[in-house]
*Asks:* 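The following block contains the structure, expressed as structure tokens.
Note on naming: letters A, B, ... go to the chains in the order of the sequence lines (proteins, then strands), and numbering restarts at 1 for each one.
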Protein chains: 2
Amino acid sequence: MKTTFGEYIRFHRNKKGLTLTQLAAELNLDSANLSKIENGIRDFDEKRLSKFAKIFNLDIEKVRDEYITDQIGKQIYETNCTPQLLRVAEEKAEYRRTLRNKTV
Amino acid sequence: MKTTFGEYIRFHRNKKGLTLTQLAAELNLDSANLSKIENGIRDFDEKRLSKFAKIFNLDIEKVRDEYITDQIGKQIYETNCTPQLLRVAEEKAEYRRTLRNKTV
DNA sequence: TTAGACTTGTCGTTATTTGACAAAAATAGT
DNA sequence: ACTATTTTTGTCAAATAACGACAAGTCTAA
């Protein structure tokens, strides 16, 4: 089952038997803020992704994928983007790639 | 061909024979900033979408679709999100919808 | 009820975005 | 080429949004 990135963090934290305070300390943030992150009230700062991966011995690429799919999934949800519109968005992303190649 | 939202604005502006200054005035913004928007350096403020639609007599829903697909397409591009990962993001958006229904 | 874990609210700081102005560059008309 | 107009670029202050930190609250288990 696909989950939010906050739930993903919580899953790994519980699996390792860490408290919010313990993990927050390792990540250099407040336990209150980590709580909000796990509950989807705040975003996890991208800068901490590698630290997170190291703590739980996870592949950094996998963690990053988990992160960006969460971010984009959130935007799809918030904008009520339908599957058809998402196809269009995908084409536009492709178009931006062609723009990059033209300009250089 | 799918384009950026900035190019979409420029297309309609040119079609109607308006200068940046003229359209910017109608949209209550600076011509320099509108120039940046059309060139993709800045974002068009979502609050102005309805005004934009009225000026060019466009369906507000269509304009909004054009806008959100641009926004999401931009994020897909910037994060280098592959089609496979986009499918995952879509599932996560769906998951968020189930969350909403559960909570209420 | 006490302790530990987690959540919620708030607020000052930091970072990002926007609006505005000036000035340069490009374009078109004469 | 000269001039007027349009468009682009650079910069900065103001507005906005995101973040870190602290305090106080709730919840759970011994």
*Asks:* Relative to each other, are the rings of A/F5 and A/F44 parallel, tilted or perpendicular (30° and 60° limits)?
*Replies:* tilted
*Asks:* Just the rounded figure in Å: distance from C1' of D/dT7 to CG of B/D30.
*Replies:* 12 Å
*Asks:* Check whether any side-chain nitrogen or oxygen of A/R48 sits under 4.0 Å from OP1 or OP2 of D/dC19, and answer yes or no.
*Replies:* no
*Asks:* Hey, does the side-chain of B/K36 have a donor or acceptor N/O within less than 3.5 Å of a partner on the base of C/dG19?
*Replies:* no
*Asks:* Taking CG from A/L34 and P from D/dG20, how many angstroms apart are they, rounded to a whole number?
*Replies:* 11 Å
*Asks:* Nearest heavy atom decides the nucleotide; on that basis, is B/S31 or A/N28 closer to the 5' end of DNA chain D?
*Replies:* B/S31
*Asks:* What class does the angle between the rings of A/F52 and A/F56 fall in, given that below 30° is parallel, 30 to 60° is tilted and above 60° is perpendicular?
*Replies:* tilted
*Asks:* Is it true that A/E7 and A/K2 have a side-chain N and a carboxylate O under 4.0 angstrom from each other?
*Replies:* no
*Asks:* Specify the separation, in whole Å, of atom CZ of B/F44 and atom P of C/dG19.
*Replies:* 10 Å
*Asks:* Where the side chain of A/R10 is concerned, which of C/dT7, D/dT11, D/dG10 is the nearest nucleotide?
*Replies:* C/dT7
*Asks:* Find the distance A/L20:CG to D/dA21:P and express it as a whole number of Å.
*Replies:* 16 Å
*Asks:* Near B/K16 NZ, under 6.0 Å, is it more than 12 heavy atoms from other residues, nucleotides or ligands?
*Replies:* yes
*Asks:* Can you tell me if A/N39 touches the phosphate of C/dC6, counting only side-chain N or O atoms and a distance under 4.0 Å to OP1 or OP2?
*Replies:* no
*Asks:* Please report the distance, rounded to the nearest Å, between CD in A/Q22 and P in C/dG4.
*Replies:* 12 Å
*Asks:* Does C/dA20 have its OP1 or OP2 closer than 4.0 Å to a side-chain nitrogen or oxygen of B/N33?
*Replies:* no
*Asks:* Please give, in whole Å, the distance from C/dC6 C1' to A/I37 CD1?
*Replies:* 14 Å
*Asks:* Report which part of the nucleic acid B/T19 touches: base, sugar-phosphate, or nothing (heavy-atom distance under 4.0 Å, all strands).
*Replies:* sugar-phosphate
*Asks:* If the cut-off is 4.0 Å, is B/R13 near the phosphate of D/dT7, judged by side-chain N/O to OP1 or OP2?
*Replies:* yes
*Asks:* Specify the separation, in whole Å, of atom CD1 of B/I41 and atom C1' of C/dA20.
*Replies:* 16 Å
*Asks:* For a quick test of reading the model: is some side-chain N or O of B/R42 closer than 4.0 Å to OP1 or OP2 of C/dT16?
*Replies:* no
*Asks:* Taking all heavy atoms of B/A53 and all of B/V63, pick out the closest pair and write down the distance.
*Replies:* CB-CG2, 3.9 Å
*Asks:* To the nearest angstrom, how far is B/L23 atom CG from D/dT6 atom P?
*Replies:* 13 Å
*Asks:* B/S35 side chain N/O closer than 4.0 Å to the phosphate oxygens (OP1, OP2) of D/dT8?
*Replies:* yes
